[in-house]
Structures are given as C-alpha cells and as structure tokens.
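Here is the naming used below: chain letters follow the sequence lines, and residue numbers restart at 1 for every chain. Just so you know, these numbers come straight off a predicted model, no measurement behind them.
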Amino acid sequence: MNIGYACLALGVPGSEMKSCTRKNATEERLLSLIGHNLDALNTMIEYNIRSGIRLFRISSDLVPFGSSLAAELPWRTMYGDVLATIGCKIRNAGMRASMHPGQYTVLNSPEGSVAQRAVEDLEYHAKVLHFLGLGTEHKIVLHLGGAYGDKRQAMKRFISRYTELRPEVRDRLVLENDHRLFGIGDVLKTASKVGIPVVYDNLHHAVNPTEESCTDLDWIKRCGETWTINGGPQKVHYSQQHTQKKPGAHSDSIQVDGFLAFCQQLPDRELDIMLEVKDKNLSALKCLNCISRRGISSLEAEWARYKYSILERSPHNYDAIRGLLREKDTYPAVEMYRLIEMSLSVPPTTGNAVNAAQHVWGYFKDRVSEAEKARFQRAVHKFWLGETDLRSVKSTLLTLARKYQEEYLLTGYYLYL
DNA sequence: TGACGTCAAGATCCG
DNA sequence: CGGATCTTGACGTCA
C-alpha cells in the first residue's frame, strides 16, 4: 500500500514553488519560473525517495499558466535534462505521480469556451506527465464538473466531451466524487459508461453521500472494479473533517487512530491512498510509520523534527515521548504520534512558547548581527505582552534559519506548525 | 456580487 | 531599507 501527499512539502528546503500574476507574465519570466519549479520538484522527489514516500501529486502550478500563456513556450527543450532526471528518479523508485486540476477546470460546461479551456488544461497536465517520461498509470484526477440545473444532462455532456479528448489525455483521466454535486453513485454511473477509473474520496462522500447506504469499504470495492491492469493500482483519497471548520474542510493533520480504523477495513489488495491534509508530508510520514514497522531510528528522526513544537505546548508530553523512545527494541509509533497529536491540539501557553523560541534561538544567537538580535528580542517581547501572535516570532526565526542555513531547524517542523 | 479553496505574489505597513 | 503582515489574483459555478 502506498501513501502519499499533494503538491508541496513542509520542512524541505529548496522545494518552494514560485509563480507570478498574469500581468507580469513575460515569456522570459515564465521560463525562469518553470526552471525554478522543476528544480523544486526535483528536490521534493528526492525527499520522497529518502523518506520512503512513493505516491505524490505534482502541483498544477508547476508551469504557471501552463495551458495558456506558457502553452507554446519551449520548456520541454530548455529543461529536457531536469525533466528526464526527475522522471527517472520517479520510475526507479517505483513512485507513482499524479496531477489534479482544480475545481475551475470544468469539462462539462455548457459554455463552449469554458469546456475548450478545460480541454487545453487537461492537455497541459498530460504533457507534464508525458514529458517526465511517465506511463499512463500516472493519472490525472478530475471532477465531473457543474450541474447546471440538470445533473443527468450534465453527466451526458461530460461523456461526450470525454470521448472527444485526445487519447493521451483520455488514457490518464480518472474521475473523483465531489463534495457538492456529483456523489460517488453519479460518478460510478458516468465513468462505467466509458470505462474511466474512479477515485473514491471518503470525506467528499461523508459530506455529499449517495442515497444507497453503503460503507466506505463497499464503495471502495465497487470503485476497484473500474481499475484495469494497465491503469495501475486503484487510488483513493483519504482525509478527515476539520473539527472547527465547515463540513468538508480538511483537517490540519491526519489523526492516526482514524486512519488506522480506515485501513483495517480495506480490501486485501493493492491500494494507493492520497492524503489531503494541511500538513502534507508530515501526515504521510506519520501514516507510513504507523502502518509498517520502519525501525525506531525512523521514529527518532521524526521526534527530532517535532520536538520544539511539543516543547512549546506540553513539556509533560515532551518528557513522555523521550521516555517512549528510550526503549530501543520497541516500536512505539502509534503511541508517539498520539502524544504528538494530543500536544498539537492545544495552543502553547505564552511561557512555554517563549521558552521553546529561546531554545531555537540558541542555534544562531552567537552568529547573528546586533540588528537581528534586536529584531528577535523585540518580536519575543511583543509576543510576551500579547501585542502580536506567535507566528511573527516564528517567521523571524524562519528568516534567520534560512539566512544562516540552519539545516536542523529548516528540516524540523517547529518553524512551520 | 460574493463565497468557495488554495497558494504565492504584490502591496503596504512598520521599526 | 528590509522584513513582517495584509490583500489580491487565478479559475467557474451557484446562491
């Protein structure tokens, strides 16, 4: 079973994507952005391989305005080497990549120009995967589109537009249920008419269920039948409801117990699970560490990345986790992540937050300029007085960590959580 | 016409 | 001036 995350990685220096607005989008600028983003993608792929993550969604913004302004630019030739390198790494690692145009790519729109732009957008996505040298098991996930007051008609229009797509696009396209209009029943009905594989999204289903009273497992089995041999293993999307926000909003992190319960009822066959969650790779690593025994050193590495975030919220749990990891012949993954989740669910007290920030400050306090020192102290002081929030203290520290290349802090989670 | 979702760019504010 | 923080942009549908 592969578990993956979408588009960007936290705590991976050099993986940041860039973009620009339409009015600043000269050819020159676009080409340089594409070069930068390909390097960033390469960095993320290398991180994934290092971390044992073998499922990854490539951001649609890899090529800014890829289906319009940049569509005719020679980025394939200019960046042929990086493209080949990235593709090789993905294939050699047995990693599966995917892409997912957003809610604004609407193939079934009654408006011809909207549908045409959707076609161009899908062609752009297929081009990225093709230029990377990836086979058709590396999919493009799409929603059915709009309803326009007549769902059946809208589903029919999707099918007719789908059949007109170029084979390069059609062979990669898979359909996902959405959280508002087309439930998994609608999607299966539509997809089965033309043989499109279906991605089941559990949270979309929870928010927008299909009439029939089926469990996640039932739907996953039914979707499984749509995945043929050359399409690769079945894919599902898994996410959890954010406890504060409106129904359908993704949680900040995947709760390990909910995830394990979901996994336990899965069919006994190959399945790729794409997590949709704010903390991205952090949850992917967590889930991987919890479903397979990856050695205590893997947990120690995780602890090193989490520890200041725990220190600022729960010094008690900080000690408890250190205690857990002291037993070298155990593998207390689930216990450790439960303690981490428990800690992260409460906001830091002012005193603990300042204490943790001072610990982190210790990494470069001897090297910084007087001005930087003053800036940090002022930020802490204002936070102490309640005049600003912790984010400003952390962003000051992040700026310093970048400037002084403090790898340990840049690859830890404290500055990003 | 604004909400929806998501990210970084761009604009502005501040010491 | 440089860095922190806020607002805007990009996209289409629907209330």
Check: So what does A:H250 touch, heavy atoms closer than 4.0 Å: a base, only the sugar-phosphate, or nothing?
Finding: sugar-phosphate
Checklist line | Nearest-neighbour nucleotide for the A:Y104 side chain, B:dG5, C:dC14, B:dA9 considered | finding: B:dG5
Check: Using a cut-off of 4.0 Å on non-hydrogen atoms, how would the nucleic acid contact of A:S109 be classed: base, sugar-phosphate, or nothing?
Finding: sugar-phosphate
Check: If you check every side-chain atom of A:T396, which of B:dC7, C:dA4, B:dA9 has the closest atom?
Finding: C:dA4
Note to self: Taking any heavy-atom pair under 4.0 Å as a contact, classify A:G102: base, sugar-phosphate, or nothing.
What the structure shows: nothing
Item checked: Whether over 12 other heavy atoms sit under 6.0 Å from A:R367 CZ -> yes
Check: Of the candidate nucleotides C:dA10, B:dC4, C:dC14, which contains the atom at the shortest distance from the side chain of A:Y148?
Finding: C:dC14
Next item on the list: Could you tell me how the ring of A:Y404 sits relative to the ring of A:F364: parallel (under 30°), tilted (30 to 60°) or perpendicular (over 60°)?
Entry: tilted
Next item on the list: With heavy atoms under 4.0 Å as the rule, sort A:D61 into base, sugar-phosphate or nothing.
Entry: nothing
Check: Taking for each residue the nucleotide of DNA chain B bearing the nearest heavy atom, is the 5' side occupied by A:C20 or by A:R378?
Finding: A:C20
Check: Under 4.0 angstrom, heavy atoms only, what part of the nucleic acid is A:R29 near: base, sugar-phosphate, or nothing?
Finding: sugar-phosphate
Item checked: Selection from C:dA10, B:dG5, C:dT5 that lies nearest to any side-chain heavy atom of A:S392 -> C:dT5
Notebook entry, point to check: Base, sugar-phosphate alone, or nothing: which one does A:A379 contact when heavy atoms must sit under 4.0 Å apart?
Noted result: nothing
Next item on the list: Name the closest nucleotide to the A:K382 side chain, picking from B:dG10, B:dC7, B:dG15.
Entry: B:dG15
Note to self: One pair to check against ring pair (Phe, Tyr, Trp, His ring centres under 6.0 Å): A:H100 and A:H143. What are the steps and the verdict?
What the structure shows: CA-CA 9 Å; A:H100 188 9; A:H143 291 293; 5.2 Å; yes
Margin query: Quick one, A:K278 with A:D252, criterion salt bridge (Lys or Arg N to Asp or Glu O under 4.0 Å). Give me CA distance, side-chain angles, the key distance, then yes/no.
Written below: CA-CA 5 Å; A:K278 198 117 118 262; A:D252 289 343; 2.9 Å; yes
Notebook entry, point to check: If you look at every strand shown and take non-hydrogen atoms under 4.0 Å, does A:T388 touch a base, only sugar-phosphate, or nothing?
Noted result: sugar-phosphate
